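Taking it in order: structure first as structure tokens, then the write-up.
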Amino acid sequence: FRNFMLPKREVEQLVHVAMDRLDIRRFAIMYPANAYGRYFMQLFWDEVEKWGGEIRAAESYDPSITDFGAQIKRMVGVDIPRPAEVLEKIRDARSAIEEESELDPGKKDPIVDFGAVFIPDSAERVAMIAPQLVYHDVVDIWLLGTSLWDSPKLLELAGDYLQGAIFTSGFFASSADDQVRQFVESYRSNYEKDPELLAATGYDTIQLLKLIVEQNAPRTRKQMREAIVQCPGFKGLTGNISFDTTGEVKKKPFVVSVLGNKEVLFP
């Protein structure tokens, strides 16, 4: 049995919130050219198309770089020739005041024809990408991420550029839930630091097994397996835990949003 959040569940929950709750239909993806980035890019792309959405741009980057200008420019069509019909639409959409105040007629404005950018990478790298998106005038969009964003460094490094950003998490230590609050306080008292996902998952796993042993008293491996599969659901720190017949956990990841100088559960 695996009591750990699956990438597929992360992406399903993230796309559900983006498309059903925020009504976003067009997306862009910026992803690192490594196994993690490519895997999440494909999962996200497939899930968006599954629900009738569209990927408008997808740009990969070397995980070692710090300047993402080239990728951002390609993503919004600044570094590639634009079809004549696109240029005509841009001109038609401009007001007279905008035409008069244009300082550089030859400069290309970014074509931001998507409502969100999905970035499956670490908090440290997201903190470098977010300000560069603003620098290149890619604004008024949602930023979406995976559980790799779940780090204290996220707000510390780029909180101002990540307002409203949404990412998944397997454990939300700032929850108002009494069970979570008591666990966090006890953990801090014992270890002088905040608990992270592995600590919360380990605690949940032991508590779940303790409950099953007390209620079912299984005497063989087969009985233990059947008792775990038949467990109707256990309310843990990391969500409601139950397993399918293949041994995969069925709990949903949390969705966290950046609001001011703190992270909150997405309403």
Side-chain angles (χ1 to χ4, degrees), residues 1-17 20-21 35-40 42-44 46-47 50-51 120 122-123 145-152 166-257 263-267:
F1 291 88
R2 176 163 50 185
N3 182 22
F4 209 74
M5 182 170 56
L6 294 175
K8 181 175 175 57
R9 294 273 164 78
E10 286 192 62
V11 170
E12 287 174 348
Q13 189 73 347
L14 194 63
V15 171
H16 165 71
V17 169
D20 289 0
R21 303 285 300 282
Y36 182 91
R38 286 188 287 268
Y39 183 55
F40 268 90
Q42 194 61 61
L43 282 177
F44 187 84
D46 290 346
E47 190 69 15
K50 172 183 174 182
W51 296 107
S122 67
T146 68
S147 55
L148 278 188
W149 288 31
D150 194 4
S151 166
I166 296 171
F167 60 94
T168 52
S169 175
F171 172 60
F172 187 63
S174 299
S175 172
D177 182 87
D178 287 340
Q179 183 183 8
V180 174
R181 183 174 49 79
Q182 290 171 11
F183 170 76
V184 171
E185 290 175 356
S186 177
Y187 192 94
R188 285 172 179 165
S189 176
N190 281 282
Y191 302 105
E192 298 182 350
K193 62 179 182 179
D194 287 346
E196 297 183 351
L197 176 59
L198 288 179
T201 302
Y203 181 87
D204 276 352
T205 302
I206 296 300
Q207 291 297 315
L208 171 63
L209 293 175
K210 177 175 178 288
L211 178 67
I212 288 174
V213 168
E214 290 175 347
Q215 291 184 348
N216 299 276
R219 300 180 61 188
T220 66
R221 292 173 180 164
K222 181 179 180 181
Q223 289 177 354
M224 186 67 173
R225 188 185 192 286
E226 290 174 351
I228 293 174
V229 171
Q230 292 169 10
C231 182
F234 171 78
K235 183 180 180 299
L237 305 171
T238 59
N240 294 319
I241 302 170
S242 61
F243 294 89
D244 61 25
T245 55
T246 67
E248 294 291 2
V249 70
K250 294 193 288 186
K251 64 185 174 185
K252 293 181 180 180
F254 297 100
V255 178
V256 180
S257 182
E263 296 171 357
V264 300
L265 289 177
F266 186 81

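Since the model is a prediction, treat every value here as computed from it, not as a measurement.
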Below 6.0 angstrom between ring centroids: does that apply to Phe254 and Phe172?
-> no
Measure the CD1-CG distance between Ile206 and Asn3 for me, rounded to the nearest 0.5 Å.
-> 10.5 Å
On a heavy-atom basis, the closest approach of Ile212 and Pro218 is O-CD, 4.0 Å
Looking only at heavy atoms, what is the nearest atom pair of Thr238 and Ala200, with distance?
-> CG2-CB, 3.9 Å
Could you tell me whether the side chain of Asp194 reaches within less than 4.5 Å of the side chain of Arg188, counting heavy atoms only?
-> yes
For the residue pair Phe1 and Leu208, establish whether any side-chain heavy-atom pair is separated by less than 4.5 Å.
-> no
Any chance CD of Glu214 has more than 12 other-residue heavy atoms, nucleotides or ligands included, within less than 6.0 Å?
-> yes
Can you measure from CG (Leu148) to OG (Ser169) and round to the nearest 0.5 angstrom?
-> 11.0 Å
Under the side-chain contact (heavy atoms from CB on, under 4.5 Å) rule, what do Gln215 and Leu211 come out as? Steps first, then yes or no, please.
-> CA-CA 6 Å; Gln215 291 184 348; Leu211 178 67; 3.3 Å; yes
Asn216 side chain near Gln223 side chain, heavy-atom distance below 4.5 Å | no
Is the shortest side-chain N to carboxylate O distance from Lys251 to Asp204 below 4.0 Å?
-> no
Do you know which two heavy atoms are closest between Phe40 and Pro7, and how far apart they sit?
-> CZ-CB, 3.5 Å
Minimum side-chain heavy-atom gap Phe44-Pro120 below 4.5 Å | no
Closest contact, heavy atoms only, Pro253 versus Arg9 = CG-O, 3.7 Å
Sidechain-backbone polar pair: Thr201 side chain, Leu197 backbone, donor-acceptor under 3.5 Å = yes
Can you measure from NZ (Lys252) to CD (Glu10) and round to the nearest 0.5 angstrom?
-> 15.0 Å
Note, Val213 side chain near Met224 side chain (heavy atom, < 4.5 Å) = yes
Side-chain (Ser147) to main-chain (Thr168) donor-acceptor, under 3.5 angstrom | no
Taking side chain as C-beta onward, heavy atoms only, is Ile166 less than 4.5 Å from Arg21?
-> no
Sequence neighbours excluded, the answer for salt bridge (charged side-chain N to carboxylate O under 4.0 Å, His left out) partners of Glu12 is Lys8
For Phe4 and Leu198, run side-chain contact (heavy atoms from CB on, under 4.5 Å): C-alpha distance rounded to whole Å, both residues' side-chain angles, the deciding distance at 0.1 Å, then the answer.
-> CA-CA 9 Å; Phe4 209 74; Leu198 288 179; 3.8 Å; yes
Mind checking whether Phe171 and Tyr203 have side chains closer than 4.5 Å, heavy atoms only?
-> no
Donor-acceptor side-chain pairing of Gln42 and Asp46 below 3.5 angstrom = yes
For residues Tyr191 and Tyr187, establish whether the separation of their ring centroids is below 6.0 Å.
-> yes
For Ala123 against Trp149, the heavy-atom pair lying closest together | CB-O, 3.7 Å
Would you find more than 12 non-hydrogen atoms of other residues, nucleotides or ligands less than 6.0 Å from Glu196 atom CD?
-> no
What are the two closest non-hydrogen atoms of Phe167 and Thr146, and how far apart are they?
-> CB-O, 3.7 Å
Mind checking the CG-CG spacing from Asp177 to Leu237? Nearest 0.5 Å is all I need.
-> 8.0 Å
Is the shortest heavy-atom distance from the side chain of Phe243 to the side chain of Cys231 under 4.5 Å?
-> no
Output the distance between atom NZ (Lys235) and atom CD (Gln207), rounded to the nearest 0.5 Å.
-> 12.5 Å
Interatomic spacing from CD in Glu263 to CG in Asp150 - rounded to 0.5 Å | 6.0 Å
